[in-house]
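Proteins get letters first, then strands, A, B, ... in listed order; numbering begins at 1 in each.
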There are 2 protein chains.
Amino acid sequence: MKKKKMVPAVTITRLPVYLRYLNELARKGIPVISSHDLAELAGGNGPQLRKDLSFLGELGTRGVGYDVKELAHQISKFMGLDREQSVAIIGAGKLGTALLRYKGFAEKGFKIRAILDTDLQKVGKKINDLLINDVENLERVIKEEKIEICIITTPASEAQKVADRIVSCGISTILNFAPVSLKVSDEIVVRQIDLSVELQILSFYKTLTG
Amino acid sequence: MKKKKMVPAVTITRLPVYLRYLNELARKGIPVISSHDLAELAGGNGPQLRKDLSFLGELGTRGVGYDVKELAHQISKFMGLDREQSVAIIGAGKLGTALLRYKGFAEKGFKIRAILDTDLQKVGKKINDLLINDVENLERVIKEEKIEICIITTPASEAQKVADRIVSCGISTILNFAPVSLKVSDEIVVRQIDLSVELQILSFYKTLTG
DNA sequence: TATTGTGAATTTTTTCACAGCC
DNA sequence: GGCTGTGAAAAAATTCACAATA
C-alpha cells in the first residue's frame with residue numbers, strides 16, 4: 001500500500017469492467033468512444049467514468065472521446081495486466097476444479113500453474129493436464145511456480161491455516177471462496193467471494209420488491 | 001424498492017456475515033456477545049456493527065451485549081431468511097454444476113429447484129437427482145417451481161437474453177456470473193460476480209505491495 | 001459543436017464520542 | 001464498570017456543472 005494508493009478502491013473495481021468493453025470494441029474495429037457510451041456499456045455514467053480515468057492521467061481527447069486501443073492499453077498497464085501472472089488454487093473440490101477449467105482466466109493472462117488438495121485420493125490425479133499436488137508441498141510449489149495470486153477453495157475450517165501459510169511465503173493477494181473472514185495483516189489484500197452471502201443479499205431485496 | 005429502503009446497501013451486505021458467525025457461536029453454546037467481539041470475528045469494528053444493527057431496531061442490552069440466538073433470529077427475519085427459497089440455475093456448464101452441488105446454499109435455505117441449458121446433449125441428464133431442463137422451458141419451470149432467485153451461469157453472449165426472459169416472468173433478483181453488465185430496469189436487483197475481474201483487481205494491488 | 005477533465009456540491013459511509021442503561 | 005444506541009463529525013464516493021479544447 002504505497003504510491004498509487006490515492007486511487008479510490010471503487011475505481012479499481014470498475015477499471016476491469018471498462019477494459020472488458022474496450023477490448024470488445026477493439027475487436028469490433030471501433031476506434032474511438034465517448035465516456036458516455038462506454039459508461040453505458042459498462043453500467044455506469046459518463047462523469048463517473050471520466051473521474052475514474054482521471055486518476056490514471058489525461059487519457060482522452062476533448063471534443064472527441066477516448067481512443068479505444070490506447071485506453072485499453074493504459075488501463076492494462078496501470079493494473080499490471082500487460083503480462084502473464086501465475087495463480088494457484090488451493091482446494092480441488094467442485095469449485096476449485098470448475099475454476100481450473102474456467103476459460104476466462106487464461107484469456108486475461110492468469111495462468112493456473114498449480115492446484116493442491118489435502119485429500120490423498122485426489123492427489124496425483126490430473127485435471128486439464130495439471131497434476132493435483134499435495135497441500136503438504138504448498139510452500140515449494142509457490143516458490144517453484146512463481147505463484148503471485150492464490151485462490152482458496154478449501155472448506156471453511158482449513159482456509160485460515162492455508163492463508164497463514166501462503167502469506168508466510170510472501171503471497172500478498174488472495175481470492176477467498178471459503179466462507180470465513182480471513183485474518184491477515186493489512187498489507188495483504190483479500191477479495192472475498194461468498195456465494196451464499198450473495199443469495200442472502202438478494203433475499204433481502206426480494207422482500208422489498210416482490 | 002420501498003419502505004425498508006432506508007437501510008444502507010453496505011449494511012445489507014454485512015448482515016449475512018454477522019449471521020454466519022452468530023450461528024457459529026450459537027452452535028458452540030455461547031449465549032451473549034459484544035459488538036466488539038462479533039465485529040472482530042466478522043472482520044469489522046464495533047461501532048460499525050452497532051450502527052448496522054441499529055437499522056433493525058434496538059436489539060442489544062446495554063452493559064451486556066447481544067443475545068446470540070435472538071440476534072441471529074432477528075437478522076434472519078429481517079432478510080427474509082426464515083423460510084426456504086427456490087432458486088434456478090441457468091447454464092449447466094462447469095460453474096453451474098459446481099454451484100448445483102454446493103452445500104452452502106441448502107444449509108442457508110436456498111433450494112436449487114431447476115437447472116437449465118440450451119445444449120441438447122446435456123438436457124435430460126441428471127445431476128444430483130435434478131434433471132437438466134431445456135432453456136426452452138424457462139418460463140414454465142420458473143412458474144411451476146415457484147422460483148424466486150435465478151443464477152445465470154451461461155456464456156456472456158446468452159446472458160442478456162436469459163435475463164430479459166426471467167425478468168418478464170416476474171423474477172426480480174438475479175445472481176449473474178456471466179461477464180456482462182446486464183441491462184435491466186431499476187427495480188431488478190442484480191448481484192454480479194465476475195471471476196476474472198476479481199483477479200484483475202488483485203493484480204493491481206499486487207503491483208503496490210510486491 | 002462535442003466531449004473531456006476537474007473543482008465544488010452533494011450524498012453516502014465510516015468513525016467518533018458520549019449519554020443512557022444494565 | 002461495561003456495553004449499547006445514536007447524533008455529530010469526518011472521510012469517501014458520487015454527481016454536478018462548466019471551463020478548456022479538439
Does B:Glu107 form a salt bridge (charged side-chain N to carboxylate O under 4.0 Å, His left out) with B:Arg20? I'd like the steps, not just the answer. CA-CA 11 Å; B:Glu107 284 167 10; B:Arg20 176 206 296 152; over 6 Å; no
Tell me the interatomic distance from [X], atom [atom1], to [N], atom [atom2], rounded to whole angstroms.
X       : N      : atom1 : atom2 : answer
B:Asn45 : C:dT14 : CG    : C1'   : 8 Å
B:Tyr66 : D:dT4  : OH    : C1'   : 6 Å
B:Met6  : C:dT13 : CE    : P     : 14 Å
A:Leu49 : C:dT3  : CG    : P     : 14 Å
B:Lys51 : C:dC16 : NZ    : C1'   : 10 Å
A:Arg14 : D:dA13 : CZ    : P     : 9 Å
B:His36 : C:dT15 : NE2   : C1'   : 15 Å
A:Phe55 : C:dT4  : CZ    : C1'   : 15 Å

### Message
Within the 4.0 Å heavy-atom criterion, would you say A:Leu53 contacts the bases, only the backbone, or no part of the nucleic acid?
### Response
nothing
Quiz item: Are any of A:Ser34's side-chain N or O atoms less than 4.0 Å away from OP1 or OP2 of C:dT3?
Solution: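 No, no such contact exists.
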**Prompt:** OP1 or OP2 of D:dT4 sitting under 4.0 Å from any side-chain N/O of B:Ser35?
**Reply:**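 B:Ser35 to D:dT4 OP1/OP2: side-chain N or O found under 4.0 Å.
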Between A:Lys111 and A:Glu145 (salt bridge meaning N to carboxylate O under 4.0 Å), is one present in this structure? no
Salt bridge between A:Glu24 and A:Lys28, side-chain N to carboxylate O under 4.0 Å? yes
By nearest atom, which of the nucleotides [options] is closest to the [X] side chain?
X       : options                : answer
A:Glu58 : C:dT15, D:dG5, C:dT6   : C:dT6
A:Gln48 : D:dT6, D:dT14, C:dT4   : D:dT14
A:Val10 : D:dT15, D:dA13, D:dT4  : D:dA13
A:Arg62 : C:dT15, D:dT21, D:dA13 : D:dT21

Most 5' of A:Pro47 and A:Val64 on DNA chain D, judged by nearest nucleotide
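Of the two residues, A:Pro47 wins.
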Report task. Assign each of B:Gly63 and A:Thr11 to its nearest nucleotide of DNA chain D by heavy atoms, then name whichever residue's nucleotide is nearer the 5' end. Result ->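 Comparing both residues, the 5'-ward one is B:Gly63.
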Can you see whether B:Asp164 engages B:Gln160 through a side-chain donor-acceptor pair at a distance of less than 3.5 angstrom?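 Distance-only check passes for B:Asp164 and B:Gln160.
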Side chains of A:Glu158 and A:Thr118: is there a donor and an acceptor less than 3.5 Å apart? no
Exercise for the section: Check if the side chain of B:Arg50 and the base of D:dG5 share a donor-acceptor pair of N or O atoms closer than 3.5 Å. Expected result: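 It does, because a donor-acceptor pair links the side chain of B:Arg50 to the base of D:dG5 below 3.5 Å.
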